[in-house]
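The structure appears below as structure tokens.
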Amino acid sequence: MSQKSDAVNEAIRLIIEDRIELPRAFELSRRLKKERAFGYAGRILALARRGLDKKHPNYLELTQQHALCTYKNIDLPNDTKYDEALQILSENGEDLTQTSSQETLGIAGAIYKYKWNTSGQKVDLERSLAYYKRGYDKGVEHDQGYTAINTAFVLDVLANIEEEEASHTGFTSETAVIKRNLAKEIRKEIVAALPDLPKTKGKEWLKDMWWFWATIAEAHFGLQQYDKALENLGKAKELEEVQDWEIESTTRQLASLTRLIEGKESTYGAKKEETEAWKVLTVFLGKDTPVESAFMGKIGLALSGGGFRASLFHIGVLAKLAEYDILRHVEVISCVSGGSILGTHYYLELRNLLQTKRDDEITPQHYIEIVEKIEKDFLSAIQTNIRSHVLLNVSAVIRMISDPHYSRTNRLGELYEKKIFSKIKDGLGHKERFINDLIVEPLGAKSGFSPKDDNWRRRAKVPILILNATSLNTGHNFQFTATWMGEPPAGLDSEVDANYRLRRMYYDEAPEKYRRYRLGYAVAASSCVPGLFEPITLDGLYPDILVRLVDGGVNDNQGGSGLLDQNCNITLISDASGQMNAKNIPGKHIVSGLLRSNSILQARVRSALYQELENRRRSSLLQGLLFLHLKKDLEAQPIDWIGCEPPSEEKKRSVLTSYHINKEYQSCLANIRTDLDSFSDVEAFALMTSGYLMTETMLPKHIKEFSHKKVSRGNWRFLTLANELGSNNIDGKLLGQLRAASSHTF
């Protein structure tokens, strides 16, 4: 449920009235920015600019603030808002390449830094540095060190990237050394020039500004003068009306700077608690706020589509993540199709835990117990063969016939609630469940808790659950969360996509019939495979548009885009989707060609997502990337043409995967049907074991935050198959069962 402030309500009224006086625009936009309501602030400033002469003394400030609100507006598409902000900046009559305005240069630098955060392109970071440095060259005192401190930070980021690149060649990057030294000199200049500024006539107001003291503290931090840094952080914290997001933003910036200055290896795992930076931030925040959140960043978990095969594989992954105590840190769960069914089940169990135990009472064992319960309840539920029950209810069948917007897919969603979600011990039992009731109110937390704003102070995070569907109207990703539904702006590419976007809306702002929307229908929308189930229909939601939604896997079957939208910097992707196999003789008929072509398209989408994530990891935008999939280590040999001389060299293949499963068995698991029918214990346990062992092997290698942990295996039911699956010798009976599991018949 959205809670609108007085400032937002006033902004809405003025936007509707289509008029505002200039002084009021400045005052209101300042209030809105303080609340981070940048979208409304931008519209108010745009309204004030309209018709105003460019020679007006306030026009430059209007364009600067309008540009700032534009690039910070989370409701605008990333691919256009940064260019739009740059265009606004240039509308004051100044050429950005020639401007002498320090404020304009600082905003331009910030725009390109944000652009780099989205694109991962080093050239954007270099442009950011160019603008910041031009601002810094105008003098540290004139903008209270803003462009100077950002110049130093970007220099260290670029140096870090160049050092990473050089490390693969065995050489030292000389340009990185130059950048590091320049960053130090700039910080020395800041700490020499700024502290006495509030004593200057006309600058007394600076002593009451959070960002002034935070800038000085960051400069000391970068020079590793931690006592001085803490002294200035203390001055900032003593100010009146300090916003919690200001403390969070500063803390995260200082943690990022620590990684850049002290080196990544010394700031991972248990080592980071030994750093002076960790100790200073602990004193600054107090013992009740875990510093770990700032150092670790935001962890996102994606659960792919792939029917119940995917759901069962995900259970094994969750089991190992629980043992590593990673699940308590997950802040976003992005789900698709079979992942949405399992992800919702897990979220409901977790919600129950978070609302019945205080943050300091929740232990790693609680997460293990949740997964143990899911492993049993979920398997027993799907073994009732949910799909076969769709047409067994007479009243539901009659409704399917009489109601054009009620289908087998809606009925499937109701069965998810009845057969699976009803097992949650939250008092609802078999009652209807609504997605907007999923908002978590943690026990002992302040009223109006928001995961986005308040998670950083918790040890046990409250994750945002994202259920991904696909809009047949636009081809875009359509998301359901506990607070809103619609198409998110972040993943759109307007350069090649001219389709309209179905704006996301809060449920309390939606048309009456959608203010409470069935949870089962949202999950069904995410999992209704085209050709097998009818689309979910949303009528009366947008004017003259009948929204139809299908399986989220049509747009992104891994759920990774949801993690990118939410700016996760550690991404865990559990991918048990149906990966395309090679075929010696593809079908020649129209239908078989169409199906095969669709598989090729899905493979390309999956490959593009992986490449984007990997590029972000190499650009230091991701601190960690774990990408699990069912064909891991199943290498393929090249095929020589007839009469090829000499033949290609035959590589020796190992019998077992790196995660200790016989490749014959793993190949069968990768081919198990992606369906919503019943799965046997052997099929289910084999999939869970694969997910578990793969996570056990790969996680320490790819997520350094947890590489120091020594985690023993729990007593999981599904691990009874581990020895057989990991044997060098094939058991004919087990192999036969797993091969038969690929069949859709019976």
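The figures that follow rest on heavy atoms only: side chains count, while hydrogens, waters and symmetry mates do not. Quick note: residue numbers are just sequence positions, from 1.
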- Message: Between L342 and I374, is the side-chain contact (heavy atoms from CB on, under 4.5 Å) condition met? List the steps.
- Response: CA-CA 9 Å; L342 189 278; I374 288 174; 3.7 Å; yes

- Query: So, R673 and E683, do they make that salt bridge, N to O below 4.0 Å?
  - Reply: yes

- Okay, side chain of T356, backbone of L353: is any donor-acceptor separation there less than 3.5 Å? yes

- Task: Without swapping roles, check the side chain of R458 against the backbone of A460 for a donor-acceptor pair under 3.5 Å.
- Result: yes

- How about N468 and N477: does a side-chain donor come under 3.5 Å of a side-chain acceptor? yes

- Task: Mark yes or no for whether N436, through its side chain, and R515, through its backbone, hold a donor-acceptor pair below 3.5 Å.
- Result: yes

- Do S380 and K423 have side chains that get closer than 4.5 Å, going by heavy atoms? yes

- Message: Please find the pair of heavy atoms, one from F421 and one from I341, that lie closest to each other, and give the distance.
- Response: CE2-O, 3.7 Å

- Task: For residues H629 and R606, determine if any side-chain heavy atom of one lies less than 4.5 Å from a side-chain heavy atom of the other.
- Result: yes

- Message: Using only atom types and a distance under 3.5 Å, with no angle test, would you say the side chain of Y692 pairs donor to acceptor with the backbone of W716?
- Response: no

- Message: Do E509 and K4 make a side-chain contact, defined as non-hydrogen atoms from C-beta onward lying under 4.5 Å apart?
- Response: yes

- Query: Given the side-chain rings of Y507 and F434, with only the six-membered ring counted for Trp, is the space between their centroids under 6.0 Å?
  - Reply: no

- Task: Answer yes or no: is there an ion pair linking K373 with E369, defined by an N-O contact shorter than 4.0 Å?
- Result: no

- Task: For residues Y367 and L321, determine if any side-chain heavy atom of one lies less than 4.5 Å from a side-chain heavy atom of the other.
- Result: no

- Query: Side chain of R459, backbone of S293: donor and acceptor closer than 3.5 Å?
  - Reply: no

- Task: Side-chain contact test, heavy atoms from C-beta onward, threshold under 4.5 Å: evaluate it for L467 versus I435 and give yes or no.
- Result: yes

- Would you please say whether a donor-acceptor pair under 3.5 Å links the side chains of Q383 and D681? yes

- Taking atom types as modelled, find out whether H314 and S311 have a side-chain donor-acceptor pair closer than 3.5 angstrom. no

- Message: Has K81 got a side-chain atom pairing as donor or acceptor with N73's backbone, closer than 3.5 angstrom?
- Response: yes

- Query: Looking only at atom types and distance, does a side-chain atom of K419 sit under 3.5 Å from a main-chain N or O of A381, one as donor and one as acceptor?
  - Reply: no

- Task: Only one of R518, K418, R516 passes side-chain hydrogen bond (donor to acceptor under 3.5 Å, both in side chains) with E432; say which it is.
- Result: R518

- Query: R504 and T481: side-chain contact (heavy atoms from CB on, under 4.5 Å), yes or no, with the steps?
  - Reply: CA-CA 10 Å; R504 57 188 182 186; T481 74; over 6 Å; no

- Task: State, with a plain yes or no, whether a side-chain heavy atom of V8 is found less than 4.5 Å away from one of L32.
- Result: yes

- Message: Taking R457 first and then D359, would you say they form a salt bridge - that is, a charged N and a carboxylate O separated by under 4.0 Å?
- Response: no

- Message: For a 4.5 angstrom cut-off between non-hydrogen side-chain atoms, does S690 reach L630?
- Response: yes

- Task: Can you establish whether the number of heavy atoms outside K513 located under 6.0 Å from its atom NZ is more than 12?
- Result: yes

- Query: Has the side chain of N78 got a donor or acceptor atom that lies under 3.5 Å from a matching backbone atom of T118?
  - Reply: no

- Nearest heavy-atom approach of C528 to P535 is SG-CA, 4.3 Å

- Item | Ion pair check, E323 and R713, cut-off under 4.0 Å | no

- Message: Within this structure, what is the OG-CD distance for the pair S256 and Q623, rounded to the nearest 0.5 Å?
- Response: 7.0 Å

- Are Y416 and S527 linked by a side-chain donor-acceptor pair shorter than 3.5 Å? yes

- Message: How long is the straight-line distance from CG of L350 back to CZ of R328, given to the nearest 0.5 Å?
- Response: 10.5 Å

- Message: Determine whether a donor-acceptor pair (N or O, by modelled atom type, separation under 3.5 Å) exists between the side chain of H329 and the backbone of I326.
- Response: no

- Query: Can you name the nearest heavy-atom pair linking V336 to G553, along with the distance?
  - Reply: CG1-N, 3.2 Å

- Message: Are the side chains of L348 and L438 in contact, using a 4.5 Å heavy-atom criterion?
- Response: yes

- Decide, yes or no, whether a salt bridge links D426 with R433 under the criterion of side-chain N to carboxylate O below 4.0 Å. yes

- Message: Are F706 and Y324 an aromatic pair, judged by ring center distance below 6.0 Å?
- Response: no

